[in-house]
Protein chains: 2
Amino acid sequence: MQAVGLTEYEAKCFVALSQIPSGTATDVSEIVDIPRTRIYDIAESLQDCGLVEIQKGTPREFRAVSTDVAMKRLQLSHREHLDNAAKALRQLTTPDVRDEASGVWRIEGKQKVAERGQYIAARAETELFGLFTEDAVFQDDCFRQAQSAIDRGVDVVLSSPDEDLRESLRARFPDATIWDPSLDWQTLEEFGAQVSRLVMADRHTVMLASLSKDDGDCAETAIWGEGSDSELVVLCRELVGAQLDELDAEDGSSRFSL
Amino acid sequence: MQAVGLTEYEAKCFVALSQIPSGTATDVSEIVDIPRTRIYDIAESLQDCGLVEIQKGTPREFRAVSTDVAMKRLQLSHREHLDNAAKALRQLTTPDVRDEASGVWRIEGKQKVAERGQYIAARAETELFGLFTEDAVFQDDCFRQAQSAIDRGVDVVLSSPDEDLRESLRARFPDATIWDPSLDWQTLEEFGAQVSRLVMADRHTVMLASLSKDDGDCAETAIWGEGSDSELVVLCRELVGAQLDELDAEDGSSRFSL
DNA sequence: TTATTATTGTTATTAAAATAAAAACAACAA
DNA sequence: TTGTTGTTTTTATTTTAATAACAATAATAA
């Protein structure tokens, strides 16, 4: 409960009141370990949030609103704060100036990595390269972005060291080029940790993600960069670009065979 | 920004980074009044939230994600906390035991008052009485609930001391009974403050709301109660019930005249 | 090339603010 | 008279803000 912005006392008080139809300060203080004398102002504070209703007799009776109503109120309140914050922030900052970021940047967490990958894929205009080492990494939103790129005429090349995954990709994306990296896969492992995915758009934006299994946990982290200023982009252009060029040449012939 | 759960330092740091494409600890500490030496761990903490990305060189470079992404991440995080809290709470409490609440309860705030009014109207099974003193109080959701009650066969009686509002109600709800309270309106003013609305469902649940104009502000507060245990319900049964009974008798004849 | 100065990154200590916890006490009810 | 209630103050603890210390690294000057 505290994670949603309530103090320990507020959270405890609300929990106690949620367990009974209604109660006095003495009741609450017997259910949870809060001094009776503090219940009055804590309940008042919860009333301000819309989580508690107060019957002003002697003794005072308190009741909690239902869980659903409480959650909704907290959410609405948070949403307002977010909107206000966003509004204030937009007055301070120019329109999104972070379109171009030099260097190499680090992202932690599977979801954030996936988001960045999709963002990169969504912005591909002529060419999109994606390499995935595990089926688990290639999720629905990746499917969507890859298909969307194909639909808008982007040259899409997908790759995986795993043959089953390659077959699966081939079946799902008949219009994409599927590349077997076994010829050059060793050079990619020079990055150290277990590479999970590599996404490159227009040879301009690159993200390289890896899975680390420290502590029995399966965490994904990534580095990404944009433009010739980024060492990562320069490197991947060398490593992958050459393969893509070869595929372009072969691609002409394989289309002929279709 | 602090209202959304960030510490002052975190909020300031994020705001500063949002104003520049990227920057070092020294840059940030020149933009906002935070000790340079604190930027490192604060940015780390913001990275954990997904609000900041860090380029680990010397000097370290920091960049903020875009405002939209930041807000979305904060919201998702809050949502998760809410879901977890709701789940935990549901294991502690029995299914909603707050269906019946004795006594008289107080609500503050126009929205909460309106919600409670709608909740009461939605639960009317045979009879719904609503009295409104001002056009402004009778909002869209009130319209909806009144119509919904009519649609499910509930005896709906609406009333207002304001003739224009009464006419408006009569035009909008041809199937409802419209009552002119001028005969007994004085007794209702004995509650003191300016009554804004009175809702009674099935002579079992009652809410009485009032507008107070303290501090130039227009705040609505309400009291409500359920069942024979509630003094408010008992009182309104006396005051309003008799009128409803009379209307029942007249209602028969007015239907005859339609 | 070496020495000096400036910058950087990490940590420890101190100060201030917020929250938790205990105490005091007047007013009211039984 | 005793017990309960409600409000406020004081004290203790925790969290956050603010400052200081200092080793390591980078940049600059000699």
Side-chain angles (χ1 to χ4, degrees), chain A residues 1-17 20 22-49 51-63 74 77 81 85 102-106 108 231, chain B residues 1-17 20 22-49 51-63 74 77 81 85 102-106 108 231:
Chain A
M1 287 298 295
Q2 283 171 250
V4 298
L6 303 180
T7 65
E8 183 189 338
Y9 272 6
E10 286 171 345
K12 280 184 171 177
C13 185
F14 180 71
V15 166
L17 282 172
I20 52 177
S22 69
T24 63
T26 305
D27 296 333
V28 174
S29 120
E30 281 166 0
I31 297 174
V32 289
D33 193 20
I34 304 178
R36 173 192 62 76
T37 54
R38 293 297 317 278
I39 304 290
Y40 302 94
D41 61 303
I42 287 161
E44 190 91 27
S45 165
L46 286 171
Q47 183 187 38
D48 291 343
C49 299
L51 300 196
V52 159
E53 290 169 349
I54 299 174
Q55 179 174 316
K56 289 202 173 179
T58 300
R60 211 147 289 200
E61 286 265 350
F62 309 103
R63 69 181 295 274
L74 287 172
S77 168
H81 290 136
S102 61
V104 179
W105 302 90
R106 175 181 164 90
E108 285 184 359
E231 302 83 352
Chain B
M1 288 297 302
Q2 284 173 254
V4 299
L6 303 178
T7 64
E8 183 189 338
Y9 272 8
E10 287 172 343
K12 278 185 173 177
C13 187
F14 181 71
V15 168
L17 284 172
I20 52 178
S22 70
T24 65
T26 305
D27 295 334
V28 174
S29 120
E30 282 167 0
I31 297 173
V32 289
D33 193 19
I34 303 180
R36 176 190 60 76
T37 55
R38 292 300 315 279
I39 305 289
Y40 302 94
D41 59 302
I42 287 163
E44 189 91 24
S45 164
L46 286 172
Q47 184 187 37
D48 292 343
C49 298
L51 301 196
V52 159
E53 290 169 346
I54 299 173
Q55 182 174 314
K56 290 203 171 177
T58 301
R60 210 149 290 202
E61 287 265 348
F62 310 102
R63 68 183 295 274
L74 288 171
S77 168
H81 290 135
S102 62
V104 178
W105 300 90
R106 178 181 162 88
E108 285 183 1
E231 303 84 350

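Protein chains get the first letters and strands the later ones, always in sequence-line order, with residue 1 at the start of each.
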Does any non-hydrogen side-chain atom of B:V15 lie less than 4.5 Å from one of B:V32? no

Need to verify one output field. Residue with the more 5' nearest nucleotide on DNA chain C, B:T24 or B:R38? B:T24

Assess, by modelled atom type and distance only, whether the side chains of A:E10 and A:S45 contain a donor and an acceptor separated by less than 3.5 Å. yes

C:dT10 phosphate, OP1 or OP2: any side-chain N/O from B:Y40 under 4.0 angstrom? no

Quick check: do A:V28 and A:I42 have side-chain heavy atoms less than 4.5 Å from each other? no

Return the value, rounded to whole Å, for the distance between atom CD of A:E30 and atom P of D:dT5. 9 Å

A:E8 CD to D:dT15 C1': how many Å, rounded? 13 Å

Length of the line joining B:I34:CD1 and D:dA17:P, which is rounded to integer Å: 9 Å

Can you check the A:Q55 CD to D:dG6 P distance for me, whole Å? 11 Å

Distance, rounded to the nearest Å, where B:D33 contributes CG and D:dA18 contributes P: 7 Å

Please give, in whole Å, the distance from C:dT11 P to B:E44 CD? 11 Å

Nearest-Å distance for atom pair CD1/P, residues B:I42 and D:dT15: 17 Å

Quiz item: A:T37 side-chain donor-acceptor pair to C:dA23 base, under 3.5 Å: yes

Does some side-chain heavy atom of B:P59 sit less than 4.5 Å from a side-chain heavy atom of B:T26? no

Presence of B:R60 side-chain N/O under 4.0 Å of D:dA26 phosphate oxygens OP1/OP2: no

With respect to the side chain of B:T7, which nucleotide from D:dT16, C:dA20, D:dT19 is positioned closest? D:dT16

Taking only N and O in the side chain of A:T26, is any of them less than 4.0 Å away from OP1 or OP2 of D:dT4? no

Would you say the base of C:dG9 and the side-chain of B:R36 have a donor-acceptor pair closer than 3.5 Å? yes

Touch class at under 4.0 angstrom, heavy-atom based, for B:P59 against every strand present: sugar-phosphate

Please determine if a side-chain N or O atom of A:Y9 lies less than 4.0 Å away from the OP1 or OP2 oxygen of C:dA21. yes

Nearest-Å distance for atom pair CG/C1', residues B:D41 and C:dT11: 10 Å

So, for B:F14 and B:L46, which heavy atoms are closest and what is the spacing to 0.1 Å? N-CD1, 4.0 Å

